[in-house]
Amino acid sequence: MSTETSTVAHKEEAVYVYEAPVRLWHWINALCILALCITGYLIGSPPPAVGGEASFSFLFGWIRYIHFSAAYILIIGFLLRIYWAFVGNSHAKEIFLPPVWKAVFWEEMLHEVKWYLMLTSEPKKYAGHNPLATLVMHIMFVWGLVFMIVTGLALYGEGTGMGSWQYDWFSSWVIPLFGQSQDVHTWHHLFMWVIICFAIVHIYAAVREDIMSRQSIISSMFSGWRTFRDDRPADDIHS
Amino acid sequence: MTETFYEVMRRQGITRRSFLKYCSLTAAALGLGPSFAPQIAHAMETKPRIPVLWLHGLECTCCSESFIRSAHPLAKDVILSMISLDYDDTIMAAAGTQAEAIIQETIDKYDGNYILACEGNPPLNQEGMSCIIAGKPYLEQLKHAAEHCKAIISWGSCASWGCVQAARPNPTQATPIHKVPGLAPKPIIKVPGCPPIAEVMTAVITYILTFERFPELDRQGRPKMFYSQRIHDKCYRRPHFDAGQFVESFDDEGARKGYCLYKVGCKGPTTYNACSTVRWNGGLSFPIQSGHPCFGCSEDGFWDKGSFYDRLTDVHGFGVEADADEIGATAAMIVGGAAAVHAGVSVVKRIADKNMTNKDGGES
Ligand code: HEM
């Protein structure tokens, strides 16, 4: 009798949401962030000293090398992702441009907050991201990554030195903006934890929604298709 | 007309041979290449000495102490006679009213042509009463001298950034030269450090009088030739950094082997200065070489960046003080914990809802 259990037959209407470049970016980006967090932490707190001749070992050099390589992959991926926001489907724009100027966005956001506070028994249904997810991803992942890229390139430019594009485009104004180099290190380090906190929330929310919401979540990021558990109309807001 | 540098040097018994040696060494120190040595020599032979007013505000005189120890072969004789150091209350012979009269004399005689060298900075609070020179606030003396000078050299971290007297909470509101309100808009070159390296100070002066302009400056107004690289970039312990060989505590095996001081808080990676190349006391040593981490004395606000032995700045707030990792790990734990609790509640709620619907279903 209940409409909730998925065993009840309904018209399975799947929507193609995440195009291949978006999915590829998602997973490469995730791996880069993982690598950057691990190596970044180790740059801040290096492992115990290795013995022997200095010229026989390049441990810390490798840790930094992996950090910088992952950083460049992340940067290039991020730039291509922005390009895709222009040429991709409407869902590709979502996290870059949350429709914060629309009242209905905030109303539905409130509904989503209630759903997380368990004050409402049923979430709304979305082919794309729900408003709460859109906003959090916009702030934390888009701007969080921009912050890490800008401060990261500023630190990188200190090594490549004056005259390099990293120095001229980033270090030359970012370092005085924060005060001095040490402050840039401190903020770059602190924001790693901000990103970690939101990665935790992101993964938890994805798993929970996958189980409890009215649409597929995790499998969609592999296949690109969003499937639904009921055939009532979706509540997406289009910007 | 004032004497030329060369005339002064010869008068002081310096041979032409030594003079030319000095010119080529200075060209090398400035990174100019050998072809510039004749240019420096020519300038010295033909140009009158630049008059310099060297004023002292809130400071500890370590800049002067460093300057007079310039170990560059002829610095002791040459540099001090190179510039016509008309006023420097610490090392001049005159005192009292006589000394103070020289300031006005220089200003009148060389209006618009002298260099104002500032060691220390003025306090702004209580109308500058925290630094009185000859019965008047230093602030007034500084403003007056700046009005008529050609250019300003900010010696040391005090004049460049503020240094210890400007450290939080900065009760006297000690203010670096370039931020003094109402100061005449003259070109300013910053030579930070606590103190700056003697050879850097003398080289900057030599450059100014040879070429009659400032050397190329970076965005923050420091001469690029000495402040464009970090201590870390030219540190002789750098191979240990790349290898992952660190001193863990000051008396361990790594310390004895001269490993990298990164983990005991070395600020070499965040400090722009020439210590690892020019070194101190005639190239004898520098802090890292003596086994102590760099604590970044030439960086803006280095007194306010937490412990000398931490690479990162502690974050203050809510009455606690913690480093980035403590804050971050705590936050991640709270967020993780909250997610776990939320997951638990979600499961319970779901089971409860299910039971409810089943019950409803049974009844209907
Ligand atoms: C999610 C992204 C990133 C995370 C979580 C991250 C994390 C970190 C952490 C924790 C540190 C250590 C800071 C310290 O204690 O001094 C660090 C250093 C650094 N990061 Fe990143 N980072 C990220 C992205 C980037 C990017 C995009 C770049 C750009 C090239 C970059 C370049 C650097 C550089 C140059 C350093 C300093 C290395 C050194 O001092 O030897 N990072 N990073």
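In what follows, chains carry the letters A, B, and so on, assigned in the order in which the sequence lines appear, proteins first and then strands, with residues in each chain numbered from 1.
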Legend entry - A:Gln180 and B:Thr271: CA distance, side-chain angles, deciding distance, side chain to side chain contact (heavy atoms under 4.5 Å, CB included) verdict: CA-CA 9 Å; A:Gln180 49 140 299; B:Thr271 303; 6.0 Å; no
Legend entry - Non-hydrogen side-chain atoms of A:Trp187 and B:Thr313 separated by less than 4.5 Å: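 When only atoms from C-beta onward are counted, B:Thr313 and A:Trp187 do not touch, as no gap falls below 4.5 Å.
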Inset, instruction - Find out whether B:Asp242 and A:Arg64 are in side-chain contact, i.e. whether some heavy atom of one side chain is under 4.5 Å from a heavy atom of the other. - result: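 SC-SC contact between B:Asp242 and A:Arg64 confirmed.
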Which answer fits [X], side chain, backbone, both or neither, if we ask what part of it has an atom under 4.5 Å from a heavy atom of chain A?
X	value
B:Val247	neither
B:Lys224	side chain
B:Asp304	neither
B:Asp325	both
B:Ala338	neither
B:Gln229	neither

With rounding to the nearest 0.5 Å, note down the distance linking [atom1] in [X] to [atom2] in [Y].
X	Y	atom1	atom2	answer
B:Gln245	A:Glu53	CD	CD	8.0 Å
B:Asp218	A:Met162	CG	CE	4.5 Å
A:Arg208	B:Arg350	CZ	CZ	9.5 Å
B:Arg238	A:Phe60	CZ	CZ	9.5 Å
B:His240	A:Ser55	NE2	OG	9.5 Å
A:Gln182	B:Lys305	CD	NZ	7.0 Å

Legend entry - Closest non-hydrogen atom pair, A:Ala54 against B:Ala243: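 A:Ala54 and B:Ala243 have their closest heavy atoms at O-CB, 3.5 Å.
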Inset, instruction - Taking all non-hydrogen atoms of both residues into account, name the closest pair between A:Ile200 and B:Ala332 and its distance. - result: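 Minimum heavy-atom separation between A:Ile200 and B:Ala332: CD1-O, 3.8 Å.
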Inset, instruction - Please lay out, stage by stage, how A:Ile175 and B:Arg219 fare under the test side chain to side chain contact (heavy atoms under 4.5 Å, CB included). - result: CA-CA 10 Å; A:Ile175 292 171; B:Arg219 232 184 135 98; over 6 Å; no
Options [options], ranked by heavy-atom pairs under 4.5 Å with chain A, top entry:
options	result
B:Val335, B:Thr270, B:Asp233	B:Thr270
B:Cys260, B:Ala343, B:Gly336, B:Pro269	B:Ala343
B:Pro239, B:Ala340, B:Ser228, B:Gly301	B:Ser228

Would the number of heavy atoms belonging to other residues, nucleotides or ligands and lying under 6.0 Å from [atom1] of [X] be above 12?
X	atom1	answer
A:Lys114	NZ	no
B:Glu216	CD	no
A:Tyr65	OH	no
A:Trp143	CH2	no

Inset, instruction - Could you look at A:Tyr204 and say if it's the side chain, the backbone, both or neither that has a heavy atom under 4.5 Å from chain B? - result: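 The side chain, not the backbone.
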Inset, instruction - Pick one of side chain, backbone, both or neither for A:Tyr41, based on which atoms fall under 4.5 Å of a heavy atom in chain B. - result: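 It is the side chain, since no backbone atom gets that close.
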Inset, instruction - Taking B:Tyr262 for its side chain and A:Ile43 for its backbone only, find out whether a donor-acceptor pair lies under 3.5 Å. - result: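 At least one qualifying donor-acceptor pair exists.
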Legend entry - Under 3.5 Å donor-acceptor, B:His342 side chain and A:Tyr116 backbone: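 Here the side-chain-to-backbone pair exists.
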Legend entry - For chain B, the option from A:Ser57, A:Gly161, A:Pro48, A:Gly179 that forms the most heavy-atom pairs under 4.5 Å: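 Result: the option with the highest number of such pairs is A:Ser57.
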Inset, instruction - Pick whichever of A:Met212, A:Met118, A:His189 has the most heavy-atom pairs under 4.5 Å with chain B. - result: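 Counting heavy-atom pairs under 4.5 Å, the top option is A:Met118.
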Inset, instruction - Report the C-alpha distance between B:Arg230 and A:Ser181 in whole Å, list the side-chain angles of each, state the deciding distance to 0.1 Å, and finish with yes or no for side-chain hydrogen bond (donor to acceptor under 3.5 Å, both in side chains). - result: CA-CA 10 Å; B:Arg230 300 168 299 171; A:Ser181 172; 5.7 Å; no
Inset, instruction - For chain B, find its close neighbours in residues 149-158 of chain A: heavy-atom separation under 4.5 Å, sorted by number, or none. - result: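 Counting heavy atoms that sit under 4.5 Å from chain B, the residues of residues 149-158 of chain A involved are A:Glu158.
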Inset, instruction - Show your reasoning for whether side chain to side chain contact (heavy atoms under 4.5 Å, CB included) applies to B:Thr330 and A:Trp193. - result: CA-CA 9 Å; B:Thr330 312; A:Trp193 288 107; over 6 Å; no
